[in-house]
Amino acid sequence: MRHIEIRENTNEVVKYPEDMYCVYFHKDPENKNVKYVGKGTLHRAYQITNRNYDHHVWLVNKLGDYTIQDIVEIKGGQMTDKEATIVEAHEIKCCLRKGSDLFNITHNPFRKNRRENAEYNRILGTQNYQYASEVGSKAGNRAQA
């Protein structure tokens, strides 16, 4: 039986068993293309939050038509952190060789949505900076009065 340490009087996990890691894929349910390769606990495979922006937006959009079970595919389980890291790296390399458009490769030159959104993000960032400056100036003026 596996032993999971739980903080007293809470449901918070303090320590997972050493072999509680898995490698998982997030696949597009429409065409079965791999969009993300990850490692973590089984809970992490199905987690929508704490993802990078593009990945999170993609997940939320897909969850309008599909369930998370349609998106997640578990590659392997009951691995140690070190084993899962090795398998994850191997699977990422395999996916890149096949031309996958992975979200978790920061500098993936093939990532289409990064190129498509670059100009929009640049303009939006400038607008946000200008808006924040205006609000800050107004708040500063009120504080001085």
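- Under the side-chain hydrogen bond (donor to acceptor under 3.5 Å, both in side chains) criterion, Tyr24 pairs with Arg51, sequence neighbours left out.
- For Ile68, the side chain to side chain contact (heavy atoms under 4.5 Å, CB included) partners two or more places apart in sequence, or in a different chain, are Tyr46, Ile48, Leu59, Leu63, Val72.
- Across every non-hydrogen atom of Thr49 and Arg44, the tightest pair is O-NH1, 3.4 Å.
- Taking Lys75 as the reference, Glu91 meet the side-chain hydrogen bond (donor to acceptor under 3.5 Å, both in side chains) condition, with sequence neighbours excluded.
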| task | Test Asn33 against Asp101 for side chain to side chain contact (heavy atoms under 4.5 Å, CB included), laying out the working first. | result | CA-CA 8 Å; Asn33 289 337; Asp101 189 25; over 6 Å; no
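- For the pair His26 (side chain) and Ala45 (backbone), a donor-acceptor distance under 3.5 Å is present.
- Side-chain contact check for Val23 versus Met79: some heavy-atom pair is nearer than 4.5 Å.
- Interatomic distance, OG1 of Thr80 versus CD1 of Ile86, reported as 7.5 Å (0.5 Å rounding).
- Of the possible polar contacts, one joining the Asn104 side chain to the Val37 backbone as a donor-acceptor pair under 3.5 Å is found.
- Interatomic distance, Thr85 OG1 to Tyr21 OH, rounded to the nearest 0.5 Å: 8.5 Å.
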| request: Begin with the C-alpha distance, continue with both residues' side-chain angles, and end with the deciding distance and a verdict on side chain to side chain contact (heavy atoms under 4.5 Å, CB included) for Tyr36 and Phe25. | output: CA-CA 6 Å; Tyr36 184 85; Phe25 300 115; over 6 Å; no
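- Between Lys93 atom NZ and Glu88 atom CD the span is 11.5 Å, to the nearest 0.5 Å.
- From Leu42, atom CG reaches atom CD1 of Ile74 across 5.0 Å, with rounding to the nearest 0.5 Å.
- Ser100 contributes no side-chain N or O that, together with a main-chain N or O of Leu96, makes up a donor-acceptor pair within less than 3.5 Å.
- The salt bridge (Lys or Arg N to Asp or Glu O under 4.0 Å) pairs that include a residue from residues 62-72 are Asp28-Lys62, Glu30-Lys62, where partners are two or more places apart or lie in different chains.
- No side-chain heavy atom of Thr41 sits under 4.5 Å from any side-chain heavy atom of Cys22.
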